[in-house]
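First the proteins, then the strands, lettered A, B, ... as listed; each starts at 1.
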2 protein chains.
Amino acid sequence: MDLRHISFRLLEVFMSVVKTGSISETARRLHLTQPTVSLQIKRLQEAVGEPLLLIQQQKLHVTDAGLELFKTCQQVFGHFEDYQDFLTELNGGSRGRCKIAMVNTAQYILPKLLGPYSNLHPHVELPLEIGNRAEVLDRFERGEDDIYVFSHPPSLEHAQAARFLHNPLEFIVPLNHPLAHVKAVKLTDLMQYRFLLRENGSATRMLFESELQSRGLVLSDSVQMASNEAIRVAVASGMGIAVLSRHVLATDDTSFKVLNVTDTHLASHWYFVMRTDRYISHAARNFLKFAQQHVEQYLDTQWVRNELHNLDLN
Amino acid sequence: MDLRHISFRLLEVFMSVVKTGSISETARRLHLTQPTVSLQIKRLQEAVGEPLLLIQQQKLHVTDAGLELFKTCQQVFGHFEDYQDFLTELNGGSRGRCKIAMVNTAQYILPKLLGPYSNLHPHVELPLEIGNRAEVLDRFERGEDDIYVFSHPPSLEHAQAARFLHNPLEFIVPLNHPLAHVKAVKLTDLMQYRFLLRENGSATRMLFESELQSRGLVLSDSVQMASNEAIRVAVASGMGIAVLSRHVLATDDTSFKVLNVTDTHLASHWYFVMRTDRYISHAARNFLKFAQQHVEQYLDTQWVRNELHNLDLN
DNA sequence: GTTAGTTATAGGTTTTTATCTATGAGTTGC
DNA sequence: GCAACTCATAGATAAAAACCTATAACTAAC
């Protein structure tokens, strides 16, 4: 049997002949001429090297080899139908993988969207990568993921980005801090205290430092810590003060005090970013469509800035 | 996904690319050029309507759609391999069907060959048709079976035949018959008795009647019976006398007496007959090859006339 | 014995497929 | 920065596949 000379079309025609038991009838059904079908069968038999149909007592009779081939075809077409179903689900976004990489801070907000989405599409795999800005940027450069979540989006030469959430920064101090009960403070009042900062390159730190620089201020003392959690706990236990995203702070957390800094309103936005020079899975596009329609529903509306319609998701 | 534009070759190439993880390597292995493989993959992706391979971080990466297609291909090729195995068995004669039609009398001898053959090839179906000569001739005319067993083969215009066994006819009488203990009788001595005969057209009867005719003899009385068994039992119970094939008579059957008719030696031969204008299954050809090699072993050698080498079995 | 149906064959056309060579463009390693 | 890879693309050709029409040969039914 020489598979190379067998096409799916040939098998389709063969199956129809077996089903109808007639070459002419098959020709009619498939909108072919009778000689075409005759020839197809002849070629298939040559490729298989075995008679598949015989004319016995004036009617077509399927040989053993023919019947077995017919069964084989049924299985084979069955597998391709399954695959077609898979593709349909893939295209509908209800199956597949949506790989997202996000910076640490985003892990406080993204799950609110990912949870409902995952419930809607349980067959979509959602591998999440969480890292500091440098790590996520690295992945972005290499195009390892479908979607990236940044507060300061990187160069958009081969990417598109759209913001979806306001990201205000807050100054927090220990409960027993001298400023803890001051109604209104100014940025300069804070310079004398020790600041607990994320690593260099962190979006929060970048924003804070550029503000300081533009106003000619310098920190008297700072300590670098690896995570937002560490900073929050450290502040609560009196190690120093810090600037953190509003979203990192639980509203009911009373282990520290949020200052009212009247002359400074630091804020950035959360962006969904996707490369334009890389294949983005249907599942990922579908997730962004979902996000576009549902950010208001699942995230705190007071911070939502839904500009996801700017993304080209097709 | 458009199956019509997908060939098995295309899938083969695709599978190799997935396995090797490289287009160039596949080209080398399949003795193709690299652009050929690139193009094949491109065409396959177009036919599927979905990317199957991506270049990520300088190496080929299989997408979900690609991986699923790969699995589908494995299954599909698996089915064709199974089918190929089936064909191989079919060709080797160890699988398939061997349809044999034989006249009644042959059922006393053919099982001795069919038994051992069937043990050797348990997967070969052996549907047997047994009928009187007219019925088997009818089947022969319509070409309904692979092999026919006749003692008088029909016209050989679209058939070939070869004999394999001598078929002597014997005269039998009841134990209490006047001739039962006569040492030697002549054919004319028998004419006065009632003959039990098979239906008109039976080879035994034809042979007997043509002998009578050539010697100008006429039976005084005859009764027609439907089977050899019926005749044997009828003779034993004294209804009359009969001519029967030697092979129909068990050697240890003492319920009747075999006459020694000195002036008459009626005999024919058993033939295997196959049509030349019809497809003959491998299993059937294989059975005849088996018969050619083993008739001496399984049939009474004293009657064997093995001329099966005259058959064209390829 | 004519008609209507079947399958087979011969001969031809248009498309598609399976390849190739040549070449370009991007990466990796030294 | 060049050699040695990778994959992609363009352009060309020879083979094959997928059809067609016309026609023959056979069978069944009226």
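Residues A:Leu11 and A:Phe77 have side chains in contact (heavy-atom distance under 4.5 Å, counting atoms from C-beta outward).
Between A:Ser38 and C:dA8 there is a side-chain N or O to OP1 or OP2 distance below 4.0 Å. Contact between the side-chain N/O atoms of A:Ser22 and the OP1/OP2 oxygens of C:dT7 is found at a separation under 4.0 Å. Contact annotation: A:Arg4 side-chain N/O to C:dA18 OP1/OP2 distance is not under 4.0 Å. Between B:Arg28 and D:dT6 there is a side-chain polar atom (N or O) within less than 4.0 angstrom of OP1 or OP2. Note on A:Ser7: a side-chain N or O is less than 4.0 Å away from OP1 or OP2 of D:dA18.
A straight line from CG of A:Leu32 to C1' of D:dA18 spans 9 Å, rounded to a whole angstrom. D:dA8 atom C1' lies 13 Å from atom CD of B:Glu46, rounded to whole Å. In this structure, B:Phe8 places its CZ atom 13 Å from P of D:dA17, rounding to the nearest Å. The CG-P distance, from A:Leu10 to C:dT17, rounds to 14 Å in whole Å. Distance A:Leu11 CG to D:dA17 C1': 14 Å, rounded to the nearest Å. The interatomic distance linking B:Gln34 (CD) with D:dA8 (C1') rounds to 7 Å, in whole Å. Atom-to-atom, CD of B:Gln40 to C1' of C:dT17 comes out at 8 Å; the value is rounded to the nearest Å. If you take CG of A:Leu54 and C1' of C:dA8, they are 15 Å apart, rounded to a whole angstrom.
Using a 4.0 Å heavy-atom distance criterion, B:Leu39 is classed as a base contact.
Side chain of A:Arg43, nearest nucleotide from C:dA8, D:dC20, D:dA17: D:dA17. The listed nucleotides are C:dT7, D:dC7, C:dT21; the one nearest the side chain of A:Leu60 is C:dT7. Closest contact between the side chain of B:Pro35 and the listed nucleotides D:dT9, D:dT21, C:dA8 involves D:dT9.
Taking five base pairs at each end of the helix from C:dG1-D:dC30 to C:dC30-D:dG1 and finding the rotation axis that steps the C1' atoms of four pairs onto the next four gives two axes whose angle is 30°, to the nearest 10°.
Below 30°, between 30° and 60°, or above 60°: for A:Phe290 and A:Phe287 the angle between ring planes is below 30°, a parallel geometry. Between A:His269 and A:Tyr271, the angle of the ring planes goes over 60°, which puts this pair in the perpendicular group of the 30/60° scheme.
Note that A:Arg139 lies outside the cation-pi zone of A:Tyr148, set by a 6.0 Å cut-off to the ring centre and a 45° limit from the axis.
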Q: Mind running ring pair (Phe, Tyr, Trp, His ring centres under 6.0 Å) on B:Tyr83 and B:His79 for me, showing each step along the way?
A: CA-CA 6 Å; B:Tyr83 182 62; B:His79 284 300; over 10 Å; no

Q. Do B:Phe8 and A:Phe8 pass the ring pair (Phe, Tyr, Trp, His ring centres under 6.0 Å) test, and can you show the C-alpha distance, the side-chain angles, and the key distance before you say yes or no?
A. CA-CA 8 Å; B:Phe8 287 102; A:Phe8 287 104; 4.6 Å; yes

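Taking the nucleotide of DNA chain C with the nearest heavy atom to each of B:Thr36 and A:Ser24, the more 5' of the two is matched to A:Ser24.
Looking at B:Arg205 and B:Gln224, their side chains do bring a donor and an acceptor atom within 3.5 Å of each other. A donor and an acceptor atom, one from each side chain of A:His5 and A:Glu46, are nowhere located under 3.5 Å apart.
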